[in-house]
Novice: 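One structure, as structure tokens, below. Some questions next.
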Amino acid sequence: MNVNQSIPPVPPFGQPQPVYPGYHQSSYSGQSGSTAPAIPYGAYNGPVPGYQQTPPQGISRAPPSSGAPPASTAQAACGQVAYGQFGQGDVQNGPSSAVQMQRLPGSQPFGSTLAPVGSQPAVLQPYGPPPTSAQVTAQLAGMQISSAVVPAPPSSGLGYGPPTSLASASGSFPNSGLYGSYPQGQASPVSQAQGHPGIQTPQRSAPSQASSFTPPASGGPRLPSMTGPLLPGQGFGGPSVSQPNHVSSPPPQALPPGTQMTGPLGPPPPMHSLQQPGYQPQQNGSFGSARGPQPNYGSPYPAAPTFGSQPGPPQPLPPKRLDPDAIPSPIQVIEDDRNNRGTEPFVTGVRGQVPPLVTTNFLVKDQGNASPRYIRCTSYNIPCTSDMAKQAQVPLAAVIKPLATLPPDEASPYVVDHGESGPLRCNRCKAYMCPFMQFIEGGRRFQCCFCSCINDVPPQYFQHLDHTGKRVDAYDRPELSLGSYEFLATVDYCKVREGKWLLSFPSPFFFPSPPAFIFMIDVSYNAIRTGLVRLLCEELKSLLDFLPREGGAEESAIRVGFVTYNKVLHFYNVKSSLAQPQMMVVSDVADMFVPLLDGFLVNVNESRAVITSLLDQIPEMFADTRETETVFVPVIQAGMEALKAAECAGKLFLFHTSLPIAEAPGKLKNRDDRKLINTDKEKTLFQPQTGAYQTLAKECVAQGCCIDLFLFPNQYVDVATLSVVPQLTGGSVYKYACFQVENDQERFLSDLRRDVQKVVGFDAVMRVRTSTGIRAVDFFGAFYMSNTTDVELAGLDGDKTVTVEFKHDDRLNEESGALLQCALLYTSCAGQRRLRIHNLALNCCTQLADLYRNCETDTLINYMAKFAYRGVLNSPVKAVRDTLITQCAQILACYRKNCASPSSAGQLILPECMKLLPVYLNCVLKSDVLQPGAEVTTDDRAYVRQLVTSMDVAETNVFFYPRLLPLTKSPIESTTEPTAVRASEERLSNGDIYLLENGLNLFLWVGASVQQGVVQSLFSVSSFSQITSGLSVLPVLDNPLSKKVRGLIDSLRAQRSRYMKLIVVKQEDKLEMLFKHFLVEDKSLSGGASYVDFLCHMHKEIRQLLS
Ligand SMILES: [Zn+2]
């Protein structure tokens, strides 16, 4: 042990003391240009702090424009080429109210929601449209169509794709075939006819023409199984054609049942080239060999191109294809919901209402149930019995975001103060008073809605009942009329640590000390060399003025401290009375302790001069360092010990660059081994290397110490291990691979600002209570659990979600429904102990159809992704994928068997609410975690796995199915966001420009034939060839198109919780491979199935289950 309490080396603290005129001054001075953000900052801590919707405030916080990196170097400097900067980036929770695109009236692609099928029972939903149970009948029997395929179907239905002359892209294009087969323009009847002469779809209204199937190629062995006689009236019989969710009636109505659509098709279709070598018709995408009775999905799956695990030489049989326009379109569903549900507020007064989709911009009015911004469920009508639930296999889960930030026009939860008696609770189950509690005996008692226990009403809470049995003060009390509210907590809710808190804080409602933030900065060679340390220190000088504060508080109660480290730690005394900061070095990292108490954690305003001086000096002090080794565990240990000594909760902000190989607890070795992929040992890549990290995390949780980790790796750093502590303490991880100041500062600073400023609760415990009959059995998210019911969160911010799964333990009652109550006990950033309560009432059903009518697929996918991403810790990835597929097939087969009207086995029938389940599930299956491409690093996978764990529904939705926005289709003066197109290469027109975003990544794709004027307006160069591939900043040009596109980029960024760095991709450029990774409806290079293929596969699975 070696504590040097002395003046440090180099030019340290002896310099003239800088004057500190306050924030506005010098903050960004160090950086280029800098039209620094004094103003934006100002707005930020406004009444709705943190809310990052588009409007005035939040965004203005955008990074200083100065930071804009020179427009040229986007390629990741190190190894991974562009991928480095891609997976790494960002995301996590976006403001829940994700998108606000408004569709232009009239631009509706499809014949839009067609009339519901007559035969469907009326839907009992309180609001609007789509007849939920209407069957989606995709005539996969269309498979029977033999013979070759027409060059890709005209993507008529969708409003894009001008008849550009899609030249068959050159050979350099991996999938050039797709281009070749590109629609020759809208709806060209020609090409259709070419495919199936004579087959028209007269009944269909013009626009919905979209839906003819591309006939699957002829014959492979699969045919027979897929061929069902077309029963008249089924699938695409007259009326059903117009079904809203009618997945695309294929054309064959005209054909007599059973007829095969064998057309005299011309020469081998160009589509051939689309298919991967060895692709055989019956092997949907990557699904391996033809199915045996038991989907033995097997080996071939992962290995990309080996689809043909079938014996025999892979013969290029004519591929069969389903018309992509004929299968359920995510875009269509999203647009329909926006149109149908985006106009009226969502009022939460009615039990079991399914909220609008997360992609719809809507207003919420709390009338007794928690807003969907706080809780979303996989189903709002749950089966009464566990037998039914088992039969349906629909997971019963809630995705809860207890501290979600609301849009400015929705009120934050009221705070209720019951004085010293504290919140009223049920004596038996401890549920909190809520609108569902039943008052009886004239108001003297109440019956608990969760456990039925009869409780006395305390005299001070007594109130008379009106003639309906309702308390007359019900509407004056948030806890009796609202779904969400807060209670001030009393002594009973405060943790007493070593008996000290209560002594030092005698006030009845103010027990814990205000939390502290500790900034812990890696100053090893890598951190210094990249300019990270200088950038960070400069930023902190101004950022510290924007620590979160409560309500209208003038200044933040949060105290701050600073540590730097490489393989030893340096603590700093920044006490306000000092002229200069003092450094203390602790080199005994094996037995970490905090060398100073007084002066380590300080108030920013009081110690401003000393802090500024310190931040000025840190980059200088270590400028010449040669130290490359770092420690990690001792750093967190030190921060936690400091909080413990100060008797407060808090957050550590760790800025770290390398694998901690220095001799110390938690020392790691490089164990990255790609050879483990697709083996039984692959799971070890996701597991932490040593148990030291979990042990440490547990201690941190006990102290209320949350860790946010910013990683700047140049190579493997073992994210799987390093992220354990952030993950278990409710923290966040950010990763900036191959960080370079000029390229990445904007993204890093933007993330840092948001992260430091966001409102956070500390030392939290969350508990979900349920009414009799179901209970919470499983939890997913960033937290720690030491028992089976309490979710412990050292910190919890407004971005984090916890997904909770429920199981039956008794029979539920249709009449009383089912209730959830989520109670979160936490310490606010001012040190106030509070309880936030969210209540939600669900319906219960005895008919499976009711379950399927009230599901929410986006939430299901959120749950399933988290389930799968946790599964890879313990099971082979392939087994995890198989489990998902099986479950999905069971869900859909159960619907088919029990809820759909009888029809031919050749039809795929999907529940209206779940018609996107296959496409979304396929996106999960082929995600980097479950089926990585060659360019995805082990760290990327661990990183994404960890991110998804805390994502809300809006985030998983866009993460798995990215948004692809055409930029030049809508009139330039249009101010609404363009309507997205489906994430498939077929949807790209080479005469257009598109933005693609998934919450983490942002691409601008430029078609090769885009008009010169457009190129000039956006890039200020005269031709396509002069556009710099990989560009990450668009030039600021004074023309409408440039303004519009840059504005849209800003708006997309503002909707997401992490900054998305732009990458400009040119058609046919090598970076395009990276971009194509996100075209999730297409077959992926890593072997992931295309949507069409997956749907066929799903259909087969379902048929197998039914037979
Ligand atoms: Zn109770």
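We count ligands from 1, going down the list as the structure has it; atoms in each ligand are counted the same way.
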Novice: Tell me, yes or no, whether the heavy-atom count around Q694 atom CD, taken from other residues, nucleotides or ligands under 6.0 Å, exceeds 12.
Specialist: yes

Novice: Assess the side chains of Y895 and Q890: does a donor N or O sit below 3.5 Å from an acceptor N or O?
Specialist: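 There is no such pair between these side chains.
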
Novice: Measure the shortest side-chain to side-chain distance between D409 and L363 over non-hydrogen atoms and say whether it is less than 4.5 angstrom.
Specialist: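 The answer is yes; the side chains approach within 4.5 Å.
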
Novice: Is the number of heavy atoms from other residues, nucleotides or ligands under 6.0 Å of F867 CZ greater than 12?
Specialist: no

Novice: Scan for side chain to side chain donor-acceptor pair (under 3.5 Å) pairs involving residues 441-454, sequence neighbours excluded, and state none if there are none.
Specialist: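 Counting only pairs at least two positions apart or across chains, the side chain to side chain donor-acceptor pair (under 3.5 Å) contacts touching residues 441-454 are R445-D456.
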
Novice: Which count of protein N, O or S atoms is obtained for distances strictly below 2.8 Å from the Zn ion (ligand 1)?
Specialist: 4

Novice: What's the verdict on salt bridge (charged side-chain N to carboxylate O under 4.0 Å, His left out) for R373 and E410, showing C-alpha distance, side-chain angles and the deciding distance?
Specialist: CA-CA 11 Å; R373 304 192 204 287; E410 291 176 18; 2.5 Å; yes

